[in-house]
Amino acid sequence: MTTQTNVEERLAVNKYSIDRDVHITVDTEICGTCTPRYCVAACPAQCFKSSKEGVTFSFEGCLECGSCRIVCPNGAVDWTLPRAGFGISYQFG
Ligand code: SF4
Ligand code: SF4
């Protein structure tokens, strides 16, 4: 019996139906002036990436947890759920 599974393995068992209508947008101009960048640590799917140049975001692996909207102190995250029938389907993870 497997007793340990890392995050990547757990994420890999989820199923996604990517919506062409982007359900989360991030104002990366605001992110460029943000020091704490809480979203990077808060996102369990690592949709936010931080670098010297700023913050990039991709919605495709989103788990729809809502954390990024809650932790952003600058209102940079415009968040909705995907349309019905799209987004993540949790399987065994
Ligand atoms: S916390 Fe908000 S403003 Fe800061 S980097 Fe993340 S999304 Fe951008
Ligand atoms: S809703 Fe959750 S999983 Fe999706 S981008 Fe925001 S923090 Fe990441």
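Atoms within each ligand, like the ligands themselves, are counted from 1 in listed order. Along the sequence shown, residues are numbered consecutively beginning with 1. The structure displayed is predicted, hence computed values, not measured ones.
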Check: Of the listed options (Ile24, Leu63, Val26), which comes nearest to atom 3 (S) of ligand 2 when hydrogens are ignored and any heavy atom counts?
Finding: Leu63
Note to self: Counting C-beta onward and ignoring hydrogens, is there a side-chain heavy-atom pair between Cys68 and Trp79 closer than 4.5 Å?
What the structure shows: yes
Notebook entry, point to check: Any donor-acceptor pair under 3.5 Å linking the side chain of Thr80 with the backbone of His23?
Noted result: yes
Next item on the list: For the pair Ser58 (side chain) and Glu60 (backbone), establish whether a donor and an acceptor sit closer than 3.5 Å, ignoring hydrogens and angles.
Entry: no
Note to self: Using a 4.0 Å cut-off to any heavy atom of Pro73, which atoms of ligand 1 qualify?
What the structure shows: 1 (S)
Check: Any side-chain heavy-atom pair from Phe57 and Ile24 closer than 4.5 angstrom?
Finding: yes
Notebook entry, point to check: Looking only at heavy atoms, which two atoms of Glu64 and Pro82 are closest? And how far apart?
Noted result: OE2-CG, 3.2 Å
Check: Is atom OH of Tyr38 surrounded by more than 12 heavy atoms (other residues, nucleotides or ligands) closer than 6.0 Å?
Finding: no
Check: Are side-chain heavy atoms of Leu63 and Leu11 found at a separation under 4.5 Å?
Finding: yes
Checklist line | Location of contacts on Phe59 toward ligand 2, heavy atoms closer than 4.0 Å | finding: neither
Check: Hey, is atom 6 (Fe) of ligand 2 within less than 2.8 Å of some N/O/S atom on Cys47?
Finding: no
Checklist line | Candidate with minimal heavy-atom separation from atom 4 (Fe) of ligand 2, of Cys62, Pro44, Ser67, Gly61 | finding: Cys62
Notebook entry, point to check: Relative to the heavy atoms of Val77, which atoms of ligand 1 are at a distance of less than 4.0 Å?
Noted result: 7 (S)
Note to self: Report whether any nitrogen, oxygen or sulfur of Cys39 sits less than 2.8 Å from atom 6 (Fe) of ligand 1 (N, O or S, backbone or side chain).
What the structure shows: yes
Next item on the list: Mark up the atoms of ligand 2 that fall under 4.0 Å of a heavy atom belonging to Cys68, in ascending order.
Entry: 1 (S), 5 (S), 6 (Fe), 7 (S)
Next item on the list: Determine yes or no for a side-chain-to-main-chain donor-acceptor pair under 3.5 angstrom, with Asn74 supplying the side chain and Ala76 the backbone.
Entry: no
Next item on the list: Heavy-atom contacts with Cys43 under 4.0 Å: which atoms of ligand 2 show up? List them by number with element.
Entry: 3 (S), 5 (S), 7 (S), 8 (Fe)
Notebook entry, point to check: Is ligand 2 less than 4.0 angstrom away from at least one heavy atom of Gly66?
Noted result: yes
Next item on the list: Of the side chain and backbone of Val71, name the one, both, or neither that has a heavy atom under 4.0 Å from an atom of ligand 1.
Entry: neither
Margin query: Between Arg20 and Arg83, does the side-chain contact (heavy atoms from CB on, under 4.5 Å) criterion hold? Intermediate values first, please.
Written below: CA-CA 10 Å; Arg20 64 180 157 70; Arg83 292 179 301 159; 3.9 Å; yes
Note to self: Counting only heavy atoms closer than 4.0 Å, does ligand 1 sit against the backbone of Cys72, its side chain, both, or neither?
What the structure shows: both
Next item on the list: Can you sort out which atoms of ligand 1 are near Asn74, meaning under 4.0 Å from one of its heavy atoms?
Entry: 3 (S)
Check: Of all the non-hydrogen atoms in the protein, which one sits nearest to atom 2 (Fe) of ligand 2, and at what distance?
Finding: Cys65 SG, 2.3 Å
Checklist line | Enclosure of Glu29 CD (heavy-atom neighbours >12, cutoff 6.0 Å) | finding: no
Item checked: Which segment of Pro36 sits under 4.0 Å of ligand 1 when only heavy atoms are counted -> neither
Next item on the list: Among all protein heavy atoms, pick the one closest to atom 5 (S) of ligand 2 and tell me residue, atom and distance.
Entry: Phe57 CE1, 3.7 Å
Note to self: If you define the side chain from C-beta out and look only at heavy atoms, does anything of Val55 sit under 4.5 Å from Lys49?
What the structure shows: no
Next item on the list: For Tyr38, counting its heavy atoms only, list the atoms of ligand 1 lying under 4.0 Å from any of them.
Entry: 1 (S)
Next item on the list: Tell me which protein heavy atom sits closest to atom 8 (Fe) of ligand 1, plus the residue, atom name and distance to 0.1 Å.
Entry: Cys31 SG, 2.3 Å
